[in-house]
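So that the names make sense, note that chain A is the first sequence line, chain B the second, and so on, each numbered from 1.
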Protein chains: 2
Amino acid sequence: MPQSTTVLAESGRDRILDEAAALFLRHGYEGTSLRQLADTVGMKAGSLYYHFASKDDLLTEILRRGIDVMQTAFDEAETSTGSARPVDRIEAHVRAHLSALFENGPYTAAHVMTFRTAPESVREIVVPLRDAYEARWTEMLRRLQADGAIQPTVDVNVIRLVLFGAMNASVEWFDTDRGNLDRFAAAITAQFWSGVAS
Amino acid sequence: MPQSTTVLAESGRDRILDEAAALFLRHGYEGTSLRQLADTVGMKAGSLYYHFASKDDLLTEILRRGIDVMQTAFDEAETSTGSARPVDRIEAHVRAHLSALFENGPYTAAHVMTFRTAPESVREIVVPLRDAYEARWTEMLRRLQADGAIQPTVDVNVIRLVLFGAMNASVEWFDTDRGNLDRFAAAITAQFWSGVAS
DNA sequence: TACCCTACCTAACGTTCGTTAGGTAGGCAA
DNA sequence: TTGCCTACCTAACGAACGTTAGGTAGGGTA
């Protein structure tokens with residue numbers, strides 16, 4: 001059994017990815033140096049190259065994992081609320097996206113915050129994966145609109161992007177130690193579905 | 001009259017700030033080098049120090065201008081719709097914030113996109129200015145809630161942050177060449193005020 | 001016991017970074 | 001005409017950057 005390689009918590013490659021995602025989230029990709037990352041995980045900068053071919057490669061894997069986490073969360077919300085009321089389906093998916101952002105490691109949060117300024121060569125690789133995730137949301141909303149649950153006049157792509165913007169930006173201010181994610185998901189969904197007017 | 005100093009468009013300090021804000025927006029603060037900026041404005045990197053004490057100083061001024069633009073936009077919306085219907089007041093302020101983001105230079109867009117990863121010493125200077133702007137929104141929404149126009153159950157700070165997230169994130173995807181800002185402001189306001197449900 | 005592979009290390013490479021010191025052309029004022 | 005001020009320039013500094021080559025300890029396998 002592997003005893004010395006994984007004594008406490010994780011080590012090696014996954015540990016590096018975890019800390020890197022957290023650092024990229026806080027200081028940005030270009031604002032984080034490999035020596036800073038190496039210090040955090042307790043090794044030397046050159047040693048990182050045993051696990052990754054380049055800094056861009058490291059970022060690519062983080063962005064990829066961020067999408068994987070979102071997709072998995074979407075899967076679970078889909079299977080558990082496939083035939084629920086429209087507003088409940090939305091809430092489940094909102095809750096799932098927030099779970100990806102806050103409850104499943106720093107990958108999704110790092111993704112939504114660093115993707116925009118990532119090097120073009122990295123973005124090229126990740127864009128199709130992002131598109132696939134966004135397409136699932138668009139398709140869900142499109143069907144709800146076709147079924148008459150969503151107003152026929154609204155642009156499904158616009159309301160999705162507005163909703164995404166609201167959820168993703170919460171990484172900047174929502175504190176899981178002070179707020180409750182279930183209640184937050186309910187609040188966001190209520191605002192999305194019914195608005196704030198009395 | 002100053003002829004040779006401002007022949008075509010702007011030059012000097014304002015030109016530098018304009019181009020820097022645009023570069024920071026695209027590649028991030030740490031992702032933009034002073035040589036890259038100097039190339040863009042047609043001078044040498046060292047010459048930038050005639051106008052700015054440091055790169056951080058340049059960023060500080062850009063973030064400051066970003067808030068100034070927002071405040072000015074808020075002022076105009078306030079004086080022109082002080083006694084209008086609640087939903088129209090909101091729409092005017094949404095339109096004003098979008099105007100700050102898209103129609104008054106790159107400062108506000110650069111602000112909302114680079115503030116999070118800015119050096120701590122820079123953030124410290126800018127935070128009070130941000131707070132002042134956000135307080136005006138909070139106060140406006142709080143009054144609308146006190147007047148019964150907004151549901152008494154919602155948290156005014158949460159709906160403000162959700163709305164801000166949605167508006168600010170649009171910098172990432174909204175294209176002023178393809179979309180109309182008036183219509184976009186109306187759509188965002190309708191979604192905020194009444195929701196998307198049929 | 002001998003060997004090998006994993007997971008690092010040391011030490012350095014060349015490049016780029018923000019920044020600075022000192023120089024200079026050209027317009028303006030006296 | 002002289003002198004000054006503005007707005008740059010050239011050239012370089014030391015530090016930090018991503019990256020690489022070669023070495024090594026230590027557990028696992030034969």
- With sequence neighbours left out, write down each residue that passes side-chain hydrogen bond (donor to acceptor under 3.5 Å, both in side chains) with T60(B), or none if nothing qualifies. none

Look at [X] together with [Y] and state whether they make a salt bridge at an N to O cut-off of under 4.0 Å.
X: E139(A); Y: R160(A); result: no
X: E78(A); Y: R89(A); result: no
X: E120(A); Y: R123(A); result: yes

Can you measure [X] atom [atom1] to [N] atom [atom2] for me and round it to whole angstrom units?
X: E30(B); N: dG18(C); atom1: CD; atom2: P; value: 9 Å
X: D14(A); N: dA7(C); atom1: CG; atom2: C1'; value: 15 Å
X: K55(A); N: dT15(C); atom1: NZ; atom2: C1'; value: 15 Å
X: L48(A); N: dA7(C); atom1: CG; atom2: P; value: 14 Å
X: L37(B); N: dG18(C); atom1: CG; atom2: P; value: 10 Å
X: D39(B); N: dC9(D); atom1: CG; atom2: C1'; value: 14 Å
X: Y49(A); N: dC9(C); atom1: OH; atom2: P; value: 15 Å
X: D57(A); N: dG18(D); atom1: CG; atom2: C1'; value: 13 Å

- Could you check Y50(A) against G42(A) and say which one's nearest nucleotide on DNA chain C is further toward the 5' end?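 By nearest-heavy-atom nucleotide position, the 5'-most residue is Y50(A).
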
- Tell me which of M43(A) and R35(A) sits closer to the 5' end of DNA chain C, going by the nucleotide each one is nearest to. M43(A)

- Message: Does a side-chain N or O of H51(B) approach OP1 or OP2 of dC8(D) to a distance below 4.0 Å, or not?
- Response: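 Result: yes.
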
- Establish, with yes or no, whether the OP1 or OP2 oxygen of dC9(C) is under 4.0 angstrom from a side-chain nitrogen or oxygen of K44(A). no

- Query: Does R64(B) reach the side chain of H111(B), with side-chain heavy atoms less than 4.5 Å apart?
  - Reply: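 Side-chain contact under 4.5 Å: no.
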
- Name the residue closer to the 5' end of DNA chain D, choosing between S47(A) and S33(A) according to the nucleotide with the nearest heavy atom. S33(A)

- Could you tell me whether R13(A) atom CZ has more than 12 heavy atoms of other residues or ligands within 6.0 Å of it? yes

- Query: Got a sec, which residues hit side-chain contact (heavy atoms from CB on, under 4.5 Å) with E30(A), two or more places apart in sequence or on another chain?
  - Reply: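 With neighbours one apart ignored, the set is E30(B).
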
- Note on the structure: The correct set of residues in residues 18-28 of chain A placing a heavy atom under 4.0 Å from DNA chain D is none

